[in-house]
A.B. asks: 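Okay, here's the structure, questions in a sec.
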Amino acid sequence: MQTLFRLLLLIATAMVSRASLAQQDSIFIYSPNERQGLHAAALDSSGWHHLGQLCSSDYGTWGAEKRMYHPSLCRAKDGSWRLVFQVNDRSPLLAAAYSRDLVTWRPQDYPLVATPNCLKPVVQPIDNGFNIYYKSGDSAHRLFASSDFRQFSKSMPMPLADESLWQRQTAMVDGQRMEGQKFAIADQELAHIKDFFAQRAEDGRLSSERMHDDSRNLASLPQTLSATLHVDMNNQKPISDQLIGIFFEDISYAADGGLYAELIQNRDFEYSAKDRREWTATTAWQSRRPIEIATDNPLHPNNPHYALLWPNDTLWNEGWDGIAVEAGQKYDFSMYVLGGGQKQTFSIQLIGSDGTLLASSQLKTKGTDWKQYATVLTAKATEKKARLAIIPQKAAHVGVDMISLFPQETFKNRKNGLRKDLAQVIADLKPKFVRFPGGCMSHGQGLDNIYHWQHTIGSLQERKPDFNIWNYHQTRGLGFYEYFLFCEDIGAEPLPVLAAGVPCQNSVANAQGIGGQQGGIPMEEMPAYIDELCNLIDWANADPATNEWARRRAEAGHPAPFNLKYLGIGNEDIIGTVFEERYEMIARALRERHPEIKVCGTVGPFHTPSADYLEGWEFTRRHPELQYMTDEHYYESTGWFLHHRDYYDNYPRQNVDGTPATKVYLGEWAASTHVKRPNLETALAEALYLTDVERNGDIVEMTSYAPMLCKDGHHNWDPDMIYFSNTDVRTTPAYEVQRLFSVYGGDRYVSSQLTLERPELKHRVGASLVADSKTGKKYLKLVNALPSTLQLSVSGITLPPTAACEQLVGNGIEDQKAKAEVITTNSLTTLPPYSIRVVAL
Ligand code: AHR
């Protein structure tokens, strides 16, 4: 009895001390400075110690913004957290965020306030939500937030504000005095937070693994390692036959100056400082006197600027870093002329960098109104940096616009077509789909720069040029009609991705000082935006006899439908309330008006456990009916890919109601090292990951490496899959991997088990067997990312003693030029160090 009493006393004491522990401040939340976001420190017997970063500001553009001032946190009755902070001292908004556990956060919202700025916001719980107090100038203001922290009232001035609201606590964190807030949290909550940081650190450690360091870390590995591959032919599952496609964005001069074969830069005189600070309507043009630009009586209101050519004056165009021409090739020249009524003759010439005349032709014009004239130039010699000259032969004073020069040889010889060599290299990938026009270019730099597909069709002069978020210009000569034709030409499904009613979250502030998503397209304009998206479907698929948009497609030369099946809505947006409201409106309308279209949603720019990824998938699971698949993006280190090979293994295959789960579109991904160029190391990491993607091809529907194209001297982003100049195209090991997995894709996955003699290195080897039920072919892919030869013994399938296969080995893991080669081998299962092998069975 006495023992029992003692035990009860002990438990009671423990409970009291636990309760008092929970009363005692155990976590300190603070921001070391505005660039570093929100941090936590924990208390131990020696004082406060830094734990890690909880979150950071996602507001506005990189560089000037992404700052967090004066964070204020409070706890709701259910234990969840609310955070507000100031983003700068010039925007009429604050940042608001929600967390259940302090370490994972819902994406930030940026509610607007009625004052020109919003300083030192403070949040406090009240019965049915939260009060937020802030300062603007000398006055204090208040607004109300709903308990889910998604709805915010208008802000009102507060004549009598209690100044103690703005008092902060301080703590010495690892010897440094910080301002912030202290909270008492339960032991298990603190343990969860510590656990999170420990896992993050471990993940960081694993992700820093580099094959580059193998000579040091794996020096003791034997020259040959053995492994067994057991194939279970009886265990197969259907997988997507659309797994490998391409991501096309006009980034790094991928379109204008790149794939789009136009050789004249600024052909429409529409360059301006909006494109790039130093650019004007005459950029890329030269003359002996200042070029006069006119805007009265333009060729088309969407292209208001044109040049006035004075008597005896020559107009030169430098092309895109010069005009590359090839001996014997023919080039279509055309221009619109606004004449004074008299006959004119122009000499149209291509001049080499040393002044040599490479091609010449006469262009005769007559007329008073805008009219297009054309001639053909044949190059006498090959030259990398020619210039175009337009030389009036008689005294002329005319307006000129839309001055164009195209090689006659374009991909599939299409007019207004694509560069043949580049397009062919892309076609050789045999991509199953083409995503376009971006990337960030789809959602644009601010509301006014959202990509409107209908501005990119019709005659070239009626298309609306715009600035490019990547700091140059979009002519839209490569517009939706050309994208769809290209898809058709290469047998790929078109996958247009358009904005979800919000621009890029990294947008600079508009005239009202509102940056980031800028509040999204105003709600009253959303119905028109939704119509615009539906019009695209009609333009692509409807009958020209009954539909106005389809009639425009037919007029452009394509009466048959394009058979559009997929439509992406949103590009790695902040999955905040502004996004979710608009996405839902769009997706519901598409479902109602075009149930035949497979809608693709988005879950932000990063993988788990980023705020957008978590909220994006939560939204997706809440509304499975609103998307067929969703777009994931992650650019990561080779080590990350090596250590996350099970990423998709546990994705649910079904929704709670038993319907098939939303599929994954891994829309932007690439492995990189500090070298920032694809090499054999990144290729091996990508190949390994793709063997895992194939294993998960029942939930992963599509993938596309990004970005695809990059022109020398115009890099917005590295690494890229294909680098090019005006005259050459250089594929990379990343290209080889994409090609191997695309060309040798299947629609059934055959289960297999790979076991390595050294199990701790199993993340460095991969195998995948797929079957194509249409052809009956099977493709076995084997990846050895180890510095040792891999000796495989295979069971469950009979491999031929001698076989032809494609093999990517290269010259060491730093090799940036490695190409796969067809070899015939009688040791199919002996894989050289750092190699990828694909065999057709
Ligand atoms: O692929 C380059 C860019 O990366 C894309 O435009 C954007 O979506 C992502 O951040």
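Atoms within a ligand are numbered from 1 in the order they appear, just like the ligands themselves. Please read all numbers here as calculations on a predicted model, not as lab measurements. Residues take their numbers from the sequence shown, with the count starting at 1.
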A.B. asks: Can you tell me the protein heavy atom closest to atom 8 (O) of ligand 1 and the distance?
C.D. replies: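 Answer for atom 8 (O) of ligand 1: Glu668 OE2, 2.6 Å.
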A.B. asks: Atoms of ligand 1 less than 4.0 Å from Phe247 heavy atoms?
C.D. replies: 1 (O)
A.B. asks: Only heavy atoms of Pro707, strictly under 4.0 Å: list the atoms of ligand 1 that pass.
C.D. replies: 1 (O), 2 (C)
A.B. asks: Please list, in number order, the atoms of ligand 1 under 4.0 Å from a heavy atom of Cys440.
C.D. replies: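 Result: 5 (C), 6 (O), 7 (C), 8 (O).
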A.B. asks: Whether the side chain of Ser725 engages the backbone of Asp712 through a donor-acceptor N/O pair (distance < 3.5 Å, no angle test) should be reported.
C.D. replies: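 No; judged by distance alone, with no hydrogens or angles, the pair does not exist.
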A.B. asks: Is any side-chain heavy atom of Leu422 less than 4.5 Å from a side-chain heavy atom of Leu709?
C.D. replies: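 Counting from C-beta outward, Leu422 and Leu709 do come under 4.5 Å.
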A.B. asks: Taking 4.0 Å as the limit for heavy-atom contacts, which would you say applies to Trp470 with ligand 1: side chain only, backbone only, both, or neither?
C.D. replies: side chain
A.B. asks: Quick one, Ile722 and Met708 - any side-chain contact, counting heavy atoms below 4.5 Å?
C.D. replies: yes
A.B. asks: Should you measure from each heavy atom of Glu572, which atoms of ligand 1 turn up under 4.0 Å away?
C.D. replies: 7 (C), 8 (O), 9 (C), 10 (O)
A.B. asks: Would you sort out whether Phe579 and Phe619 count as a side-chain contact (heavy atoms from CB on, under 4.5 Å), showing the intermediate values?
C.D. replies: CA-CA 11 Å; Phe579 166 88; Phe619 177 88; 5.5 Å; no
A.B. asks: Starting from atom 1 (O) of ligand 1, which protein heavy atom do you reach first, and at what distance in Å?
C.D. replies: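 Here the closest protein heavy atom is Tyr635 OH, 2.7 Å.
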A.B. asks: Are Trp717 and Tyr635 an aromatic pair, judged by ring center distance below 6.0 Å?
C.D. replies: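 Yes; Trp717 has its ring centre under 6.0 Å from that of Tyr635.
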A.B. asks: Out of curiosity, is Pro605 lining ligand 1, as in a heavy atom under 4.0 Å away?
C.D. replies: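 Contact check Pro605 vs ligand 1: negative.
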A.B. asks: Run the salt-bridge test on Glu618 and Arg106 with the 4.0 Å N-O cut-off and return the result as yes or no.
C.D. replies: no
A.B. asks: For ligand 1, which part of Met441 has a heavy atom less than 4.0 Å away: the side chain, the backbone, both, or neither?
C.D. replies: neither
A.B. asks: Taking 4.0 angstrom as the limit and counting only heavy atoms of Gly439, give me the atoms of ligand 1 inside it, by number and element.
C.D. replies: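 Atoms satisfying the 4.0 Å criterion: 5 (C), 6 (O), 8 (O).
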A.B. asks: Hey, which atoms in ligand 1 end up nearer than 4.0 Å to a heavy atom of Asn571?
C.D. replies: 8 (O)
A.B. asks: Can you check whether Phe247 and Tyr705 have ring centres sitting under 6.0 Å from each other?
C.D. replies: no
A.B. asks: Between Asp631 and Leu666, is there a side-chain heavy-atom distance shorter than 4.5 Å?
C.D. replies: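 The answer is no; the side chains never approach within 4.5 Å.
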A.B. asks: For Ile251, take its heavy atoms, then give the atoms of ligand 1 lying under 4.0 Å from any of them.
C.D. replies: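 Reading through ligand 1 atom by atom, the close ones are 2 (C).
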A.B. asks: So if I count the atoms of ligand 1 from 1 in the order they appear, which ones are less than 4.0 Å from some heavy atom of Glu249?
C.D. replies: 2 (C), 5 (C), 6 (O)
A.B. asks: For the pair Arg730 and Asp728, evaluate salt bridge (charged side-chain N to carboxylate O under 4.0 Å, His left out) and give the outcome as yes or no after the intermediate values.
C.D. replies: CA-CA 7 Å; Arg730 301 181 312 278; Asp728 70 347; 3.4 Å; yes
